[in-house]
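Naming convention: chains lettered A, B, ... in sequence-line order (proteins, then strands); numbering from 1 in each chain.
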Amino acid sequence: MTAVPERPDYLRVFLTFARNSLVREMIFRGNFIIDTISSMAWVLINLAFYTLIFRYTPMLGADTGWGKYQFFLFLATTLIVNSLVRGLFMENADEFGELIRTGNLDFVLLKPMDTQFLVSLNRIEWSALGNLVLGLLLLFYALGKVDYRPGPVQVVLYPLYIGCGVAILYSLMITLAASSVWLVRNQSLFNFWFYITNFSRYPMEIYRGDFGTPLRLFFTFIVPVLVVVNVPARLLVRPLAPQSVEDAVLPLFALVAAAGSLAASRWVFNRALVSYRSASS
Amino acid sequence: MAVIEIEGLAKSYRVYQKQEGLLASIRGLFRRRYRTVEAVCGIDMTVERGEFVAFLGPNGAGKTTTLKLLSGVINPTSGTARVLGHIPWKRENAYRRRFALVMGQKNQLWWDLPANESFRLHQEIYRIERGRFERTRDELTSMLEVRHLLGQPVRELSLGERMKMELIAALLHSPEVLFLDEPTIGLDVRAQYTIQNFLRYYQQERRVTILLTSHYMKDVSVLCRRVVIINSGRIVYDGSLNGIIDRFSGHKVISLQFTDGRVPGSLGGLGEVLSPEPPRAKLRVPRGRVTEVLTHLLAQHHVEDISVEDPPLEEVIARMFARCEERPTECELGHVPELLGEE
């Protein structure tokens with residue numbers, strides 16, 4: 001029998017992954033419920049904390065434009081980006097190191113599909129959906145409270161930049177995970193992802209002065225985590241009138257950064273596959 | 001038509017040499033010593049369509065590494081290989097749709113889900129048309145007697161049942177070439193028997209090309225006409241199963257039963273006495289002396305029953321591996337005829 005080479009159907013495979021993951025999470029429904037509740041609780045505690053901060057100050061830094069509800073829009077964007085990254089990729093990137101260590105990556109490499117796709121989306125963490133919903137609720141609530149109304153351009157661009165943000169965080173995550181091939185065990189490097197992405201959780205305006213500026217430049221142009229939330233969040237809170245050159249360049253740069261990050265992660269991933277040596281039988 | 005062509009295929013690994021002790025471990029943080037392990041050292045081999053070849057060798061001989069190279073899971077250090085006209089480590093989808101690898105020690109099915117869910121995933125990955133998928137699945141599950149277990153989570157299956165499911169998952173896309181790495185390891189006799197029967201039937205029916213590694217001689221003797229023995233990364237034998245005994249064993253085993261109920265003490269002078277259980281005894285005798293010893297036995301002793309057999313295959317192979325370990329240079333393919341002959 002001669003098999004006809006056919007193009008793999010990525011969407012159907014993704015949907016099957018999503019379905020199987022859901023069936024699996026339903027089996028352990030106790031765990032699913034606890035996961036959902038604990039991560040939602042974490043969000044609510046954060047929200048309470050920031051509400052408290054805005055009791056003391058009307059704005060984050062003088063003249064930055066990040067008042068309470070503007071910041072809530074920022075927070076909602078962070079939540080949306082993070083829950084997408086967590087739901088789609090986090091468990092998979094974590095598992096990738098394990099696949100390398102145990103040699104089970106063998107099975108992935110046998111499949112007639114893109115290996116990075118199979119590794120990255122194998123398991124969908126449905127419990128992250130709770131935070132996505134919370135993020136969207138917060139988004140609409142805060143939008144009702146600010147004076148500025150985003151127009152149709154922003155409505156179109158916002159999901160695009162959310163996608164860019166997710167792509168950047170994903171790339172960073174899979175790059176760190178792929179380094180397991182050379183280190184065999186690299187839990188700490190994976191934890192590094194959390195430390196770095198912490199920088200993305202605050203508006204860029206706070207990185208100012210002798211100390212803040214180098215940080216801002218580094219985490220914008222070298223490891224572009226600062227554009228992840230800032231670029232889409234800014235779309236919602238201010239008119240499309242750039243106040244500085246950096247402001248004007250940033251949305252364009254975000255697109256480049258997303259494409260560049262993906263390309264870099266793909267390069268590292270493929271290098272890792274060449275170095276993969278499998279594990280004893 | 002050759003389905004598998006291997007030329008000078010080699011794979012070496014650099015492994016970290018860890019020294020014993022805490023101090024040495026700390027030193028190892030700064031300066032590491034590495035050792036190069038030659039897992040496969042330049043093997044040549046051709047397999048025709050429809051052949052069922054056994055790959056034998058002691059642990060660490062390079063069998064699994066060879067299968068992994070042919071599956072494209074790892075890249076070789078040097079040499080070439082073509083399977084179905086493809087270079088495996090290029091990992092082209094066109095190639096990956098046409099073969100399968102089953103590893104007895106690893107599992108690819110989703111642990112917490114019923115096997116059927118993993119099968120459906122394979123259906124999507126390989127884009128198997130629904131009707132064909134269901135026919136193949138039902139046929140395979142019936143043949144392996146696991147149809148009633150399709151809906152049970154994989155973690156609740158016995159090892160034998162799970163292995164059958166693994167095998168089915170690998171066969172759903174009707175591969176033309178199948179690499180089986182110890183598919184019956186750890187299984188009970190009944191499960192082994194079912195899998196052997198299944199493989200024999202499936203291979204004959206579909207004319208697939210199979211490369212099998214196993215430590216169970218039963219698997220090999222039931223399934224394979226051709227046997228390739230690999231040791232320390234080199235092929236030391238490539239031929240028929242019976243040929244192994246002719247080539248590697250210079251001995252025959254004479255089984256005796258004596259009339260007077262005793263085993264004569266002088267038997268040791270004729271050959272190596274194995275398991276004397278009066279009135280029976282077994283005598284291991286060099287091939288060239290069999291006639292002479294038989295004549296002597298029949299003339300000097302009261303023998304009730306006598307038979308001459310080849311030594312068990314396991315024993316021949318075990319002795320050969322031991323010998324290879326002691327004198328690796330003698331284990332080149334060219335040296336084989338002398339091997340074990342004068343032992």
Are A/Y276 and A/F269 an aromatic pair by the rule of ring centers under 6.0 Å?
no
With a 3.5 Å distance limit and no angle check, can you tell me whether B/T65 reaches the backbone of B/A39 through a side-chain donor-acceptor pair?
no
Can you name the closest pair of heavy atoms from A/A177 and A/A93 and give their distance?
CB-O, 3.4 Å
Step by step, would you call A/R29 with A/D35 a salt bridge (charged side-chain N to carboxylate O under 4.0 Å, His left out)?
CA-CA 10 Å; A/R29 57 177 177 192; A/D35 249 16; over 6 Å; no
In terms of relative ring orientation, are A/F192 and A/Y195 parallel, tilted or perpendicular, with 30° and 60° separating the classes?
perpendicular
Before giving the answer on side chain to side chain donor-acceptor pair (under 3.5 Å), spell out for B/N116 and B/R137 the whole-Å C-alpha distance, their side-chain angles and the decisive distance to 0.1 Å.
CA-CA 9 Å; B/N116 201 29; B/R137 180 198 60 193; 3.0 Å; yes
Under 4.5 Å heavy-atom distance to chain A, tell me which part of B/N59 shows up: side chain, backbone, both or neither.
neither
Relative to chain A, which segment of B/R127 carries a heavy atom at a distance below 4.5 Å: side chain, backbone, both, or neither?
both
With a 4.5 angstrom heavy-atom cut-off, is it the side chain or the backbone of A/T115 that approaches chain B, or both, or neither?
side chain
Considering only heavy atoms, which portion of A/L105 lies under 4.5 Å from any heavy atom of chain B: side chain, backbone, both, or neither?
neither
Heavy-atom contacts under 4.5 Å, residues 119-139 of chain A to chain B
A/N122, A/R123
Check: B/S214 side chain, B/Y216 main-chain N or O, donor-acceptor pair, under 3.5 Å:
yes
Under a 4.0 Å N-O cut-off, is there an ion pair linking B/K63 with B/D181?
no
Between A/E98 and A/R101, is there a side-chain N and carboxylate O pair less than 4.0 Å apart?
yes
Does B/R98 pair with B/E176 as a salt bridge, N-O distance under 4.0 Å?
yes
So what's closer than 4.5 Å to chain A heavy atoms on B/F99: side chain, backbone, both or neither?
side chain
Taking the basic N atoms (NZ, or NE/NH1/NH2) and the acidic carboxylate oxygens, is any pair closer than 4.0 Å for B/E139 and B/R206?
yes
For A/Y158 and A/T77, does a side-chain donor sit closer than 3.5 Å to a side-chain acceptor?
yes
Considering heavy atoms only, which positions within residues 10-19 of chain A lie below 4.5 Å of chain B?
A/R12, A/V13, A/T16, A/F17, A/R19
Region of B/D112 in contact with chain A, defined by heavy-atom distances below 4.5 Å
both
Contact part of A/I27 toward chain B, heavy-atom cut-off under 4.5 Å: side chain, backbone, both or neither?
side chain
Sidechain N-carboxylate O distance under 4.0 Å for B/E134, B/R130:
yes
Among B/E117, B/R207, B/E92, the residue with the most heavy-atom pairs under 4.5 Å to chain A is B/E117
